[in-house]
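None of the values given here were measured: they were computed from a predicted structure. Throughout, a chain's letter reflects where its sequence line sits, starting with A, and its residues are numbered from 1.
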Amino acid sequence: MKKIEYVAIFMAWPYANGPLHLGHVAGNCLPADIQYRYERSRGRSVIMCSGSDEHGTPITVTADVEKVHPQEIVDRFHQINTQALIDLGCSWGENIDPRGIEYGGALYNRTTDPRHKELVKEYFTLLKNSGFLKQQTMQQYCSISADGVTKFLPDRYVEGDCPICGSEGARGDQCDECGSTYESSELVNPRSKMDPDAKIEIRDTDHFFFQLNQFQDELEKHSQKKQKIWKPNVRAMTKNWLNMGLRPRAVTRDMEWGIKLPISSVEWDSKRIYVWFEAVQGYLTCSQIWSENYSTNDDDWKKWWMKSDEGIEPKHIYFMGKDNIPFHTVIWPAIIMGLNSANSGNIPSSLIQPGELVLESNVPAMEYLMLQGGQFSKSRKHAVWLPSFLEHHNPDTLRYFLSINMPEGHDTDFRWEEYVDKVNNELIGTYGNFVHRVMTLSHRLESLDGENPLSQYFNGEDNKDSMNKIQNLLNSAINSMEKQRFKEALRSIMNISQIGNGLIQHSEPWKYMKLEGSPEKSKSLSTLAFCWQVCRGLAIALRPFLPFQSDELWSMMGEENNMDDILYEDAFNFDDIFSWNGDKPKPLFNRLDIEQILEREKLIAGSDTDGKEVNDEDVNYIDFEDFMKVEMKTGKVVGIEDHPNADKLYVVTIEDGPESTRTVCAGLKGIYEKEQLLGKQVVFVANLKPRKLRGIMSEGMILAADDGDGNVSVLTLDSDMPTGSQVR
RNA sequence: AUCGAGUUGGAGUAGUCAGGUUAUCUCGUCGGGCUCAUAACCCGGAGACCGGUGGUUCAAAUCCACCACUCGAUACCA
């Protein structure tokens, strides 16, 4: 009997602060699901675990803006995202593997799950008791607002005067002016960026620090072992971290929204476990929760997490975007080694012993998917949201496009034109058309008693060459999949349909099928029968990529076998079984129309796809007097230079009166060319307190409209006015 | 500006870490063929000084140095 292989597929936990967009899908969700389906199809026992990351500051910010409790935000997006993933064909809906619970299953959990919190607290205590979490007093700025609310401030929210050169606007730990770095406590006249009027003082605050430095040597050994497996981006990023030297990292912070510490004392009541430390443990807790909720034995998760007594390690594959690499190659392995060491009492080691938790097998981090050349961005609303995409499009066409265009080695781009092109010319042209040809040709033959009319013509000896080619292509697809090279795998499989198309073309069954009893007819139809089997194999081979169409093809062929029971490697082991479905075959896909799509996307771009409404009642009115305090004037751009020390700034000279000019730094680079602005009449705020921007004094602000979508347009005058005219 | 990644025929992309005969594949394009199929399919051709310059080597897309550009993270920001 074959040994059971245990595989765990993990994907980075999407942050429940908004709907998923195509970037998340291409980098995490889709590759994880493809791998999961592939591993299952290899007959392995597989669990897939992930879920919504629901703690952390951005969620509280969103909650503040909407004036609701953070729980409401995460409830909403957890629901929306879970549904969108299932609609995309990701296997999260199958908590129990269709082959049986012993084969695993999937769980899309959330970090607000009470059991997750409980387990995190257990691990916190375990690590603390073993000396991996050390308490340390740090000094941190704390703002006391007018209404007496005190709040600790992260360094980047503090600014003041530089202790070295004395210039204003220095940041918490570094001065842009003179470049010197210092302790934030040395800052002169510190103030809060969020609330500049608040009183600010340094207070002691205690926090726990994870002693990452204790794992430096073992992590280096681990990284050495992975050199041949990791992709260049993973190697480079990890090396960078290790070379910088690891330092203890705070695992608690002063805030309200998060998991409480497992310490009962007033002092720790206002502190929570830092998200980075808690969410990453979700991989483990989710596996445990899955086995507690669905498996026959609460301890079943161990099969997927611990090295067996025979010394066999389950395979762990983590999918994520490139921004997440160090968490999975440095921090998470360190935590796992810490837990192992805490349990065994041995010193931390990257050599995993039987019964210990295993480290990652591979971390195939993806680069980014860009949208029409720019980055996906929630705040700029430059995104294609998964839920709205799925309202209009077949999920398999998206899966195809993102798979064949996956950002495996470098950033790739999502363009509607390319999506349509690839779907119409490759997916439909090659695969869809091959299947449709085979189906319609077969249905032109007469079926007796609901039998497949092709079965009598099949001769395994014909088409031996093609058979070998196909088998080789499948083997290379398998090799690619073992290395998480999805594009390569899919390409190999698509080549199989090309071979199929060639076979049909050469055998010309349409020509011979009417010639009763001729040798040409049986030869030609033998090939068609062979192609029928190829279609069947393609349904199996493509299922990880195109689950919906595979199932549809399966039923169109009248197959009664359960596809879950067929091994991937046997996809083209023809068993001479010719099933039949008398219904008229239908094309698997519909062609896409680029004009139509672009038109609708324009509509979508014009509406707020977040579903949030701008609430008029929330407008903060200001008094007329306040408005009159702002002095706006007209001016003319008479000079414009690149800012020597900032990528997005121009240094603009404005003629602000008949005989005078002033200098203003404007963040218009990348939006306007210098020539476009030169000579323009603009409106600027004249009495803004002058401020240095990365070394250059800016005496005002040029007004511009911003649609929040990356489009910016400078205000100009309808007709000529003297420079320095009042604007009101 | 700092750090990281990338630049290969019209588009996309493999090969780069472990240098070696005609640089891969898909789309597009051109020519021919075919017509069963969603005007699609089959065969063939053209098209790349592998971002630039210099170096190491018998040999460089591949290694080294410098430069240019693109992308991202961070800083700055209308």
Side-chain angles (χ1 to χ4, degrees), chain A residues 156 169 171 174 176 179 227-228 230-237 239-241 244 321-323 325-326 365 367-368 370 373-375 404-413 415 417-418 421-422 424-430 432-444 480 485 487-488 490-492 494-495 498 500-513 524 528 585-592 643-650 652 664-672 682 684-685 692-696 698 701-706 710-715:
Chain A
R156 60 199 183 96
R171 281 180 291 143
Q174 192 188 345
D176 284 337
Q227 289 304 298
K228 295 211 159 117
W230 283 347
K231 297 200 240 181
N233 57 350
V234 180
R235 276 202 302 263
M237 203 69 94
K239 190 173 156 220
N240 209 6
W241 265 59
M244 285 187 313
K322 58 180 164 189
D323 51 327
I325 292 170
E367 300 287 314
Y368 282 146
M370 312 289 250
Q375 208 209 356
I404 209 72
N405 198 25
M406 198 170 271
E408 288 171 8
H410 47 73
D411 296 347
T412 59
D413 210 3
R415 289 177 192 279
E417 294 83 351
E418 265 179 60
D421 187 71
K422 294 261 191 237
N424 283 349
N425 293 326
E426 295 181 17
L427 181 60
I428 300 181
T430 308
N433 194 51
F434 169 59
V435 169
H436 197 56
R437 294 173 92 178
V438 174
M439 291 302 128
T440 48
L441 283 169
S442 314
H443 277 257
R444 281 171 53 179
S480 305
R485 299 172 66 127
K487 281 197 277 202
E488 202 174 72
L490 184 50
R491 201 53 88 184
S492 297
M494 292 302 283
N495 285 341
Q498 286 188 324
N501 272 320
L503 285 172
I504 295 191
Q505 190 65 26
H506 284 297
S507 58
E508 302 176 291
W510 54 88
K511 210 154 156 184
Y512 302 111
M513 63 197 336
S524 171
L528 184 59
K586 281 198 306 258
L588 286 176
F589 303 94
N590 295 317
R591 295 182 70 84
L592 303 175
H643 193 295
N645 197 26
D647 276 2
K648 295 182 187 169
L649 295 179
Y650 281 132
V652 183
V664 168
C665 295
L668 295 168
K669 209 165 165 182
I671 291 157
Y672 283 93
V682 295
F684 65 95
V685 180
K692 270 191 187 177
L693 291 178
R694 292 201 69 84
I696 292 192
S698 178
M701 180 167 139
I702 296 176
L703 296 184
D706 183 344
N711 298 312
V712 173
S713 181
V714 164
L715 264 61

Between A:D411 (side chain) and A:Y368 (backbone), is there a donor-acceptor pair under 3.5 Å?
yes

Separation between the P atoms of B:rG31 and B:rA46, rounded to whole Å
15 Å

Paired with B:rA23 by Watson-Crick or G-U wobble geometry, both distances under 3.5 Å: which nucleotide is it?
none

Spacing of the C1' atoms in B:rU53 and B:rA60 (rounded, Å)
15 Å

pair_partner(B:rG44), Watson-Crick or wobble, both distances < 3.5 Å, evaluates to B:rC30

Can you measure A:E488 atom CD to B:rG15 atom C1' for me and round it to whole angstrom units?
10 Å

Nearest heavy-atom pair of A:S524 and A:P509: which atoms, and what distance?
OG-CA, 3.0 Å

Establish, with yes or no, whether the OP1 or OP2 oxygen of B:rC43 is under 4.0 angstrom from a side-chain nitrogen or oxygen of A:Q498.
no

Specify the separation, in whole Å, of atom CG of A:D413 and atom C1' of B:rU70.
12 Å

Under 4.0 angstrom, heavy atoms only, what part of the nucleic acid is A:F434 near: base, sugar-phosphate, or nothing?
nothing

Mind checking whether A:K231 and A:R485 have side chains closer than 4.5 Å, heavy atoms only?
no

Measure the distance from CG on A:N405 to C1' on B:rU13 and round it to the nearest whole Å.
9 Å

Across all strands, who's sitting opposite B:rA5 as a Watson-Crick or G-U wobble pair, both distances under 3.5 Å?
B:rU70

Work out how far the P atom of B:rG52 is from that of B:rG10, and round it to whole angstrom.
13 Å

Proximal nucleotide (of B:rU26, B:rC34, B:rA14) relative to the A:N495 side chain
B:rU26

If the C1' atom of B:rG15 is compared with that of B:rC63, how far apart are they to the nearest Å?
16 Å

Using a cut-off of 4.0 Å on non-hydrogen atoms, how would the nucleic acid contact of A:I325 be classed: base, sugar-phosphate, or nothing?
nothing

In Watson-Crick or G-U wobble terms, with both distances under 3.5 Å, the base opposite B:rC77 is none

Less than 4.5 Å apart, any side-chain heavy atom of A:V682 and any of A:V652?
no

Using a 4.0 Å heavy-atom cut-off across all strands, classify A:N501 as base, sugar-phosphate, or nothing.
sugar-phosphate

By nearest heavy atom, map A:I404 and A:N590 onto RNA chain B; which one lands nearer the 5' end?
A:I404

Is there a donor N/O on one and an acceptor N/O on the other, under 3.5 Å, for the side chain of A:E508 and the base of B:rC36?
no

Whole Å only: how far is the OH atom of A:Y368 from the P atom of B:rG4?
17 Å

Sugar-phosphate, base or nothing in reach of A:P509, heavy atoms under 4.0 Å:
nothing

A:D411 side-chain proximity, nearest of B:rC34, B:rC71, B:rU26
B:rC71

Whole-Å C1' distance, B:rU62 and B:rC50:
10 Å

At 4.0 Å (heavy atoms only), tell me whether A:K511 reaches a base, stays on the sugar-phosphate, or touches nothing.
nothing

Output the single nucleotide from B:rU26, B:rC42, B:rC34 whose closest atom is nearest the side chain of A:R491.
B:rU26

Considering non-hydrogen atoms only, spot the tightest contact between A:D413 and A:E418 and give its length.
O-OE1, 4.5 Å

Could you check whether A:M701 gets within reach of a base, just the sugar-phosphate, or nothing at all, counting any heavy atom under 4.0 Å?
sugar-phosphate

Quantified in whole Å, what is the P atom distance between nucleotide B:rU16 and nucleotide B:rA61?
14 Å

When the distance from CG of A:L441 to C1' of B:rU35 is rounded to whole Å, what number comes out?
11 Å

Give the nucleotide from the list B:rC27, B:rA14, B:rC25 with an atom nearest to the side chain of A:K487.
B:rA14

Both A:T440 and A:N433 contact RNA chain B. Which one's nearest nucleotide lies toward the 5' end?
A:T440

Taking every non-hydrogen atom, the tightest pair across A:I504 and A:L441
CG2-CD1, 4.1 Å

Could you tell me how far B:rG33 sits from B:rC69 if I compare only their C1' atoms? Round to whole Å.
45 Å

Around atom CG of A:N590, are there more than 12 heavy atoms of other residues, nucleotides or ligands at under 6.0 Å?
no

A:R444 side chain, from C-beta outward: closest of B:rA14, B:rC41, B:rC36
B:rC36

Of the listed nucleotides B:rC42, B:rU13, B:rC36, the one nearest the side chain of A:T412:
B:rU13

Under 4.0 angstrom between A:N425 side-chain N/O and B:rG28 OP1 or OP2:
yes

If you measure from the P atom in B:rG20 to the same atom in B:rA59, how many Å do you get, rounded?
14 Å

Tell me which nucleotide, if any, is Watson-Crick or G-U wobble paired with B:rA39 when both distances must be under 3.5 Å.
none

Nearest to the A:E426 side chain among B:rC27, B:rU35, B:rA14, which nucleotide is it?
B:rC27

Integer-rounded Å distance: B:rC27 C1' and A:L490 CG:
14 Å

From the list B:rC34, B:rU38, B:rU13, which nucleotide is the closest neighbour of the side chain of A:P587?
B:rU38

In whole angstrom, give the distance that lies between atom CD of A:E408 and atom C1' of B:rA14.
11 Å

Determine yes or no for a side-chain-to-main-chain donor-acceptor pair under 3.5 angstrom, with A:N424 supplying the side chain and A:L592 the backbone.
yes

I want to check one thing: is the phosphate of B:rG15, taken as OP1 and OP2, less than 4.0 Å away from some side-chain N or O of A:R485?
yes

Given B:rC41, B:rU38, B:rA5, which nucleotide is nearest the side-chain atoms of A:R437?
B:rC41

Without decimals, in angstroms, what is the distance between A:I504 CD1 and B:rU38 C1'?
14 Å

Search all heavy atoms of A:H436 against all heavy atoms of A:P585 and return the closest pair with its distance.
CE1-O, 4.2 Å

